A.B. asks: 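The structure follows.
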Amino acid sequence: MLKTGIKTKAYAAFSTEGDTKPLEIVRREPGPTDVLIDIKFCGICHSDIHMAKGEWGQTVYPVVPGHEIAGIVNSVGDKVTKFKVGDHVGVGCMVDSCGECEACAEGEEQYCSKMVLTYGVLERDGKTMTYGGYSERVTVDERFVVRIPDELPLDKAAPLLCAGITTYSPLIHWGAGPGKKVAVVGVGGLGHMGIKLAAALGADVTSISRSDSKKADAQKMGATNHIATSDKAACEAAAEQFDLIINTVSSAADMNLYLGMLKRDGVMVLVGAPPDTLPVHPFALIPRRKSLAGSTIGGIRETQEMLDFCAKHNIGSDIELITIDQVNKAYERIEKSDVRYRFVIDMSSLSGK
Ligand code: NAP
Ligand code: ZN
């Protein structure tokens, strides 16, 4: 951790038990191209739980999770051109990249091999750990800060910084729009955003969940059809229906079941990242030339495009607002899929402001 800088209250997980507790961290004083952001709200992504509990096997403790950051600019370095004090801004899953490789040149910084995640990894200097949004403030290079349009309330906008962009990017990449049948598997944080975004893009959207308990909500979000995977007949009737499936499932599930629902040349994109290996039968793909793909977040330019799209279409996340001391309880509820549909931490409960 930095020795000098701005002392900052935060919450961190200290072991694979995953419980978060207070930790004081140090943020760097803003350099010439940095923006210092007072964090107002931070969404809780299921990735925070995977990381806090070391489920992906790579966690360095203590880890301060949080990569759905919405806040207000506190101060800017003298070379910052995009932002000024008081602006509403967001930071998502990454805070740096090399800026020179093919991916960076194409605005796909998330695929840069030197990309730096918002928390839990070393900065490019190889010495300083990154700490996430369960904290009072953060210093970020302006290249990795996006503008939150005034139409979007900061609390409902926070989840767009990960759940929003992670579903928007593959929807755009694989051409979701009018005339396309899109299914979203898992009606959770990512899934509920995927339904709203795919519907706003003009696609015909089906929600796929384990039961019917979220059916009415999914339809309010824009799904025209709902499949409960507990209903065998409904699954069979859905065979070869979809051009595109966005799969947000967070723990091991039978991928062959969903692949069966793709049309010829259809694509299922994994954005859900369970720690498990997921067996796929070759004949789930071969006979109808189907594809299984993966996708992670989206570039900064695309993140800004997504936020502007959400402002235009009046799309925010459905949230349950909590205080910082309720994070551990929220983790338990997320693991039971008992959240409608994203927990967002009101950071005034930490900063007192
Ligand atoms: P979430 O809110 O917990 O939602 C996950 C949903 O998956 C649940 O609501 C549930 O939907 C479904 N699900 C969970 N276990 C299942 C099982 N065994 N079988 C079938 N369905 C199951 O989580 P999230 O925040 O949306 O994150 C989802 C996943 O995406 C996590 O693994 C996360 O790490 C990953 N992620 C990836 C990226 C990326 O860049 N690719 C970015 C963010 C998050 P129903 O209750 O409707 O069945
Ligand atoms: Zn996330």
Side-chain angles (χ1 to χ4, degrees), residues 42-53 55-56 58-59 65-69 90-94 108-111 115 117-120 132-134 158-171 173 183-196 206-218 221 223 226-231 235 245-258 269-276 278 293-299 302-303 317-320 330-344:
C42 185
I44 299 183
C45 177
H46 205 120
S47 303
D48 297 352
I49 304 177
H50 293 314
M51 281 294 282
K53 297 196 168 180
E55 290 172 355
W56 288 327
Q58 60 192 34
T59 301
H67 57 207
E68 293 187 335
I69 298 170
V91 176
C93 301
M94 54 185 175
E108 304 270 23
E109 301 89 352
Q110 73 278 27
Y111 299 115
M115 183 266 279
L117 293 168
T118 301
Y119 66 82
Y134 299 5
L160 303 177
L161 277 307
C162 175
I165 185 60
T166 301
T167 49
Y168 182 82
S169 184
L171 286 168
H173 186 80
V184 177
V185 185
V187 186
L190 265 56
H192 93 290
M193 288 312 311
I195 296 167
K196 290 184 184 206
T206 296
S207 46
I208 304 180
S209 187
R210 284 166 294 180
S211 73
D212 275 331
S213 65
K214 298 174 180 172
K215 178 177 175 176
D217 287 345
M221 292 165 199
H226 181 87
I227 298 168
T229 51
S230 55
D231 180 345
C235 290
I245 298 178
I246 305 291
N247 193 319
T248 76
V249 168
S250 57
S251 63
D254 180 9
M255 294 298 131
N256 302 291
L257 172 72
Y258 310 119
V269 186
L270 295 186
V271 289
D276 321 78
L278 303 170
S295 179
T296 192
I297 47 173
E302 193 171 48
T303 305
S317 173
D318 292 0
I319 63 168
E320 293 192 44
Y331 280 11
E332 281 174 29
R333 284 188 48 201
I334 292 169
E335 286 179 325
K336 290 186 216 139
S337 299
D338 173 25
V339 46
R340 300 286 188 276
Y341 280 86
R342 199 54 140 187
F343 286 113
V344 171

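Here the structure is a predicted model, which is why all the values come from computation and not from measurement. As the structure lists them, so they are numbered: ligands from 1, and atoms in each ligand from 1. Quick note: residue numbers are just sequence positions, from 1.
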A.B. asks: Quick one: look at Ser250 and ligand 1, take heavy-atom pairs under 4.0 Å, and tell me if it's side chain, backbone, both or neither.
C.D. replies: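 Both backbone and side chain of Ser250 come within 4.0 Å of ligand 1.
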A.B. asks: Is the closest N or O pair between Cys45 and ligand 1 shorter than 3.5 Å?
C.D. replies: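 There is no such contact.
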A.B. asks: Counting each atom of ligand 1 from 1 as listed, which ones have a heavy atom of Arg342 under 4.0 Å away?
C.D. replies: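 What qualifies from ligand 1 is 24 (P), 25 (O).
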A.B. asks: Within the 3.5 Å criterion, strictly below it, is a donor on Gln110 or Thr296 matched to an acceptor on the partner's side chain?
C.D. replies: no
A.B. asks: By the definition side-chain contact (heavy atoms from CB on, under 4.5 Å), identify the one residue from Thr166, Leu270, Val271 that meets it with Thr248.
C.D. replies: Val271
A.B. asks: Considering only heavy atoms from C-beta outward, does the side chain of Pro159 approach that of His192 to under 4.5 Å?
C.D. replies: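 The answer is no, as the side chains (C-beta and beyond) never meet within the 4.5 Å cut-off.
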A.B. asks: By number and element, which atoms of ligand 1 are closer than 4.0 Å to a non-hydrogen atom of Ala273?
C.D. replies: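 Atoms satisfying the 4.0 Å criterion: 29 (C), 30 (O), 31 (C), 32 (O), 35 (C).
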A.B. asks: Please state which protein non-hydrogen atom is closest to atom 30 (O) of ligand 1 and give its distance, to 0.1 Å?
C.D. replies: Gly272 CA, 3.2 Å
A.B. asks: Can you pull out the closest protein heavy atom to atom 26 (O) of ligand 1? Residue, atom name and distance to 0.1 Å, please.
C.D. replies: Leu190 N, 2.8 Å
A.B. asks: Below 4.5 Å, heavy atoms only, C-beta onward: do Val187 and Asp217 meet side chain to side chain?
C.D. replies: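 Side-chain contact under 4.5 Å: no.
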A.B. asks: Can you name the closest pair of heavy atoms from Val249 and Ala253 and give their distance?
C.D. replies: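 That would be CG1-CB, 3.9 Å.
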A.B. asks: Which residues and atoms, protein N, O or S only, are under 2.8 Å from the Zn ion (ligand 2)?
C.D. replies: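 Counting only protein N, O or S atoms under 2.8 Å from the Zn ion (ligand 2), the list reads Cys45 SG, His67 NE2, Cys162 SG.
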A.B. asks: Give the residue, atom name and distance (to 0.1 Å) of the protein heavy atom nearest atom 20 (C) of ligand 1.
C.D. replies: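 Going by distance alone, atom 20 (C) of ligand 1 is nearest to Arg210 CD, 3.4 Å.
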A.B. asks: Would Asp48 and Tyr119 count as having a side-chain donor-acceptor pair, cut-off 3.5 Å?
C.D. replies: yes
A.B. asks: Under 4.0 Å from ligand 1, counting heavy atoms only, is it the side chain of Ser295, its backbone, both or neither?
C.D. replies: backbone
A.B. asks: Going by the order shown, which atoms of ligand 1 are within less than 4.0 Å of some heavy atom of Gly188?
C.D. replies: 2 (O), 4 (O), 9 (O)
A.B. asks: Looking only at protein heavy atoms, identify the closest one to atom 45 (P) of ligand 1 and say how far it is in Å.
C.D. replies: Ser209 OG, 3.3 Å
A.B. asks: Evaluate the ring planes of Trp56 and His50, with Trp represented by its six-membered ring, and classify them as parallel (under 30°), tilted (30 to 60°) or perpendicular (over 60°).
C.D. replies: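 It falls in the tilted class, 30° to 60°.
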A.B. asks: Regarding ligand 1, does Tyr258 bring an N or O atom to under 3.5 Å of one of the ligand's N or O atoms?
C.D. replies: no
A.B. asks: Got an N/O contact under 3.5 Å between Tyr341 and ligand 1?
C.D. replies: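 Among all N and O atoms of Tyr341, none is under 3.5 Å from an N or O of ligand 1.
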A.B. asks: Look at the side chain of Glu68 and the backbone N and O of Ala163, then say whether any donor-acceptor pair between them is shorter than 3.5 Å.
C.D. replies: yes
A.B. asks: Compare all side-chain heavy atoms of Pro65 with those of Met51 and state whether any distance is below 4.5 angstrom.
C.D. replies: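 Contact flag for Pro65/Met51 side chains = no.
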A.B. asks: Once you round to the nearest 0.5 Å, how far does CG of Leu117 lie from NE2 of His67?
C.D. replies: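 The distance works out to 9.0 Å.
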A.B. asks: What are the atoms of ligand 1, with element, lying closer than 4.0 Å to any heavy atom of Ala252?
C.D. replies: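 Once the distances to Ala252 are compared, the set is 18 (N).
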A.B. asks: What is the closest protein heavy atom to atom 18 (N) of ligand 1, and at what distance does it sit?
C.D. replies: Ser251 OG, 2.9 Å
A.B. asks: Walk me through whether Cys235 and Ile227 qualify under side-chain contact (heavy atoms from CB on, under 4.5 Å).
C.D. replies: CA-CA 7 Å; Cys235 290; Ile227 298 168; 4.2 Å; yes
A.B. asks: As an exercise, identify every atom of ligand 1 less than 4.0 angstrom from a heavy atom of Trp56.
C.D. replies: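 What qualifies from ligand 1 is 34 (O).
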A.B. asks: So, is Ile208 polar-close to ligand 1, with some N/O to N/O distance under 3.5 Å?
C.D. replies: no
A.B. asks: Would you find a donor on one side and an acceptor on the other, under 3.5 Å apart, between the side chain of Arg333 and the backbone of Asp338?
C.D. replies: yes
A.B. asks: Would you mind reporting whether His173 and Val269 have side-chain heavy atoms less than 4.5 Å apart?
C.D. replies: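 Not in contact.
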A.B. asks: Would you indicate whether the side-chain heavy atoms of Met193 and Leu160 approach each other to under 4.5 Å?
C.D. replies: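 Result yes, sub-4.5 Å side-chain heavy-atom pair found.
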A.B. asks: Between Ser230 and Arg210, is there a donor-acceptor pair closer than 3.5 Å when you use the side chain of the first and the backbone of the second?
C.D. replies: yes
A.B. asks: Which atoms of ligand 1 are found less than 4.0 Å from any heavy atom of His46?
C.D. replies: 1 (P), 3 (O), 23 (O), 24 (P), 25 (O), 27 (O), 31 (C)
A.B. asks: Just heavy atoms, cut-off under 4.0 Å: does Val187 contact ligand 1 by side chain, backbone, both, or neither?
C.D. replies: both
A.B. asks: Around atom 31 (C) of ligand 1, find the nearest protein heavy atom and jot down its residue, atom name and distance.
C.D. replies: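 The closest one turns out to be His50 NE2, 3.5 Å.
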A.B. asks: Check each atom of ligand 1 against the heavy atoms of Cys162 and keep those under 4.0 Å away; list them by number with element.
C.D. replies: 42 (C), 43 (C)
A.B. asks: Quick check against the 3.5 Å criterion: does Glu320 have a side-chain atom that pairs as donor or acceptor with the backbone of Arg340?
C.D. replies: yes
A.B. asks: Could you find the nearest protein heavy atom to atom 33 (C) of ligand 1 and give me its residue, atom name and distance?
C.D. replies: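 For atom 33 (C) of ligand 1, the nearest protein heavy atom comes out as Ser47 OG, 3.4 Å.
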A.B. asks: In the structure I gave you, are the side-chain heavy atoms of Arg342 and Leu190 within less than 4.5 Å of one another anywhere?
C.D. replies: yes
A.B. asks: Considering only protein heavy atoms, which is closest to atom 40 (O) of ligand 1, and at what distance to one decimal place?
C.D. replies: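 The closest one turns out to be Thr296 OG1, 2.7 Å.
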A.B. asks: Counting heavy atoms only, name the option from Ala163, Gly298, Gly186, Ala253 that's nearest to atom 12 (C) of ligand 1.
C.D. replies: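 Considering heavy atoms of Ala163, Gly298, Gly186, Ala253, the nearest to atom 12 (C) of ligand 1 sits in Gly186.
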A.B. asks: Using a strict 4.0 Å cut-off to heavy atoms of Thr248, name the atoms of ligand 1 that fall inside it.
C.D. replies: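 Counting from 1, the qualifying ligand atoms are 5 (C), 7 (O), 28 (C), 29 (C).
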A.B. asks: For Lys196 versus Ser317, what's the shortest heavy-atom pair and its separation?
C.D. replies: NZ-C, 4.3 Å
